[in-house]
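Written out below as C-alpha cells is the structure these notes cover.
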Amino acid sequence: MDYWSICLLFVSLFSTILRTGGVELTFELPENAKQCFFQEITQNVTAILEFQVVTGGQYDVDVILKAPNKEIIYKQIKTQFDSHQFVASSTGAYQACFSNEFSTFSHKLVYMDFRVNDELPHVTVMTQMETYALEVHKNLNSILDYQTHHRLREAQGRKRAEDLNTRVLLWSIVETITILTISVGQVCVLRTFFTERKR
C-alpha cells in the first residue's frame, strides 16, 4: 500500500466509527430513585439496549423502554443484566428508564449501553479499501464490547472482594475482643482461687 491508500483507510475507518450513535455510560442509582435516558432513533433503524447492575443490593433494577408514542417496548422487573434489540417503528426520542424505587437503602451502580446501529448507505459496489475499513470497524466494535464486559466483571469482582474483606475484618475484630474478654475473665477467676480470704 502507498501513503495515500493508508491515509484513505484511516479516514474511512474513523468516519465509520463516528457514524455509530448511542449512549454508553455508568451512573449511580440511589435508593427510591428513578432515572430516564432518551435517544433519538430514526424509523426502521435497529437499536440495542444493554444494561448491567455493577454494584449494590441484590444487583437488580426495574427497566422500561418506551417508544415516542409512550408504547412499552420492553419491560423487566428486578433484573441484574439483559440485552434487548429492536427496530424503531417511528422516528423520535426513545426513553429508557431504570428504577430502584423498590429498594429503601441499597445504592446501586448501573452500566447502560443504548446503541443505535446506523447502517452505512447501501451501494452496489464497494471498493476493497471500503470493505477492509468496514471489517476493521466491526472488529473494533466487538473488541470494545469485550473490553466493556471484562471491565464490568472486574468491577463486580472487586466490589464483592471488598465487601468480603470488610466482613472478615469485622468478624476478626469481634473474635479478638471475645478472646481478650474470656482471657481477662479466666485470669480474674483463677486469682480468686489463690487469694487468701480474710477472716
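Given the structure is predicted, the values throughout are model-derived calculations rather than measurements.
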In terms of the angle between their ring planes, are F51 and F98 parallel, tilted or perpendicular, with boundaries placed at 30° and 60°?
-> perpendicular

With sequence neighbours left out, what residues match Q147 under side chain to side chain contact (heavy atoms under 4.5 Å, CB included)?
-> I143, L144, R151

Is F114 reachable from F38 through a run of hydrophobic residues whose side-chain heavy atoms are each under 4.5 Å from the next?
-> no

Would you say N139's side chain and E135's backbone share a donor-acceptor pair under 3.5 angstrom?
-> yes

N/O donor-acceptor pair under 3.5 Å between Q43 side chain and S89 backbone | yes

S103 (side chain) donor-acceptor with S106 (main chain) under 3.5 angstrom | yes

Check whether any side-chain N or O of Q39 sits under 3.5 Å from a backbone N or O of G92 as a donor-acceptor pair, and report yes or no.
-> no

Salt-bridged, K66 to E71, with N to O below 4.0 Å?
-> no

Transitively linked via ILVMFWY side-chain contacts under 4.5 Å: M112 with Y74?
-> yes

Counterpart residues, side chain to side chain contact (heavy atoms under 4.5 Å, CB included), relative to F193 (two or more places apart) = V189, L190

N100 side chain vs P30 backbone, donor-acceptor pair below 3.5 Å | yes

Quick check: does any side chain N or O of K108 sit under 3.5 Å from a backbone N or O of D60, one acting as donor and the other as acceptor?
-> yes

Side chain to side chain contact (heavy atoms under 4.5 Å, CB included) partners of E162, counting only residues at least two apart = R158, K159

Above 12 or not: heavy atoms from other molecules or residues under 6.0 Å from CZ of F81?
-> no

Look at the side-chain heavy atoms of Ile, Leu, Val, Met, Phe, Trp and Tyr, link any pair under 4.5 Å apart, and say whether F86 and I64 land in one connected group.
-> no

Are any side-chain N or O atoms of D113 and backbone N or O atoms of E50, one a donor and one an acceptor, separated by less than 3.5 Å?
-> no

What about the rings of F37 and F27, do their centers lie closer together than 6.0 Å?
-> yes

Mark yes when over 12 heavy atoms from residues, nucleotides or ligands other than Q58 sit less than 6.0 Å from its CD; otherwise mark no.
-> no

hydrophobic_cluster_shared for V63 and L25, side chain cutoff 4.5 Å = yes

